[in-house]
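Report on one structure; see the data block that follows.
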Amino acid sequence: MTPRLWLVRHAAPLVAPGLCYGRLDVEADALATQRAAQALAEALPAQARVRHSPLRRCAQLAQALQALRPELRSLPDARLQEMDFGAWEGRPWESLARSEVDAWAGDLHGHAPGGGEPLSAMLQRVQAALGEIAGLPGDMVWITHAGVARCVHWLRAHPAQVPTAAQWTQAAPAPGEWFIS
């Protein structure tokens, strides 16, 4: 069987609708986390290796999974964190200056939204994590965020290309769900 990468998104975060929360360290809904962990515990093959974003919403799911499947000990990996939106973190999207959002959309790859992290830096760290697991036997599980899943999709579908805002339309797993790549 060919090794697979499981891109697991944390359960629904406890944030107000419309809030920018990339690197903002918020908790996930406890019941939704338990449900996601149960489904994942039933689906994962033996010997899967697990890594998680150190942000609380991902660490919660990793801990809940390990409680159900003790052999699936997860290690934190900072490269699996969501994008850092800098000063935008914790603010409603509608409160952001239109000119700032337009500047980011105009240079999605190079502009650091809110002074945080440009997509180019996020793509580089996700590529480094992908490179580390390339060729390793067995399935790898990343408990992570929508942005990381989108980066994996982009990097695999468009190697060496710089994305524009119009191209950045990759699907991501819903909260508490996963894609297998």
Side-chain angles (χ1 to χ4, degrees), residues 3-15 19-86 88-90 112-156 170 172-181:
R4 301 170 293 179
L5 174 59
W6 298 63
L7 296 167
V8 181
R9 187 172 175 192
H10 56 80
L14 297 175
V15 296
L19 196 73
C20 178
Y21 67 94
R23 198 69 63 86
L24 191 65
D25 199 10
V26 297
E27 291 188 21
D29 177 87
L31 182 57
T33 297
Q34 233 8 81
R35 284 186 191 136
Q38 184 66 49
L40 193 57
E42 292 171 8
L44 285 176
Q47 310 303 318
R49 289 168 291 124
V50 185
R51 302 290 179 268
H52 67 274
S53 160
L55 296 178
R56 280 188 288 179
R57 55 195 184 266
C58 293
Q60 281 177 262
L61 182 51
Q63 291 163 359
L65 175 63
Q66 188 177 358
L68 296 168
R69 298 265 311 265
E71 79 279 13
L72 296 178
R73 189 173 68 89
S74 184
L75 298 174
D77 188 332
R79 297 171 300 185
L80 305 183
Q81 292 183 88
E82 185 59 276
M83 179 179 274
D84 181 356
F85 288 98
W88 293 4
E89 295 284 353
E117 174 183 39
L119 181 58
S120 60
M122 186 175 184
L123 286 166
Q124 285 176 344
R125 65 180 160 83
V126 172
Q127 181 64 59
L130 282 171
E132 186 176 288
I133 65 170
L136 292 178
D139 287 11
M140 174 58 76
V141 180
W142 286 0
I143 299 174
T144 190
H145 309 272
V148 172
R150 289 183 178 109
C151 285
V152 169
H153 175 79
W154 179 266
L155 290 164
R156 289 191 166 170
Q170 293 76 241
E177 296 185 7
W178 59 83
F179 289 165
I180 300 174
S181 174

Donor-acceptor under 3.5 Å ([X] side chain, [Y] main chain):
X   : Y    : answer
Q47 : G138 : no
R49 : P137 : yes
E27 : L14  : no
R56 : D25  : yes
R51 : L80  : no

Could you tell me the separation between the [atom1] atom of [X] and the [atom2] atom of [Y], rounded to the nearest 0.5 Å?
X    : Y    : atom1 : atom2 : result
L61  : R35  : CG    : CZ    : 13.5 Å
L68  : L40  : CG    : CG    : 9.5 Å
M140 : R4   : CE    : CZ    : 13.5 Å
L155 : S181 : CG    : OG    : 10.5 Å
F179 : R150 : CZ    : CZ    : 8.5 Å
S120 : R125 : OG    : CZ    : 11.0 Å

Counting C-beta onward and ignoring hydrogens, is there a side-chain heavy-atom pair between [X] and [Y] closer than 4.5 Å?
X    : Y    : result
H145 : L55  : yes
T33  : H10  : no
M122 : E82  : yes
V148 : V126 : yes
W142 : V152 : yes
D139 : L44  : no
V8   : H52  : no
E177 : R9   : no

Could you verify whether a donor N or O on one side chain and an acceptor N or O on the other, from E42 and Q38, lie under 3.5 Å apart?
-> yes

Indicate the atoms forming the closest heavy-atom contact of [X] with [Y], along with that distance.
X    : Y    : result
P13  : R57  : CB-CD, 4.2 Å
A64  : Q34  : CB-OE1, 3.6 Å
M83  : P113 : SD-CG, 4.0 Å
P175 : A11  : CB-C, 3.9 Å
A62  : I143 : CA-CD1, 3.7 Å
Q170 : W154 : OE1-CE3, 3.5 Å

Would you sort out whether Q66 and V50 count as a side chain to side chain contact (heavy atoms under 4.5 Å, CB included), showing the intermediate values?
-> CA-CA 10 Å; Q66 188 177 358; V50 185; over 6 Å; no

Which of parallel (below 30°), tilted (30 to 60°) and perpendicular (above 60°) describes W6 and W178?
-> tilted

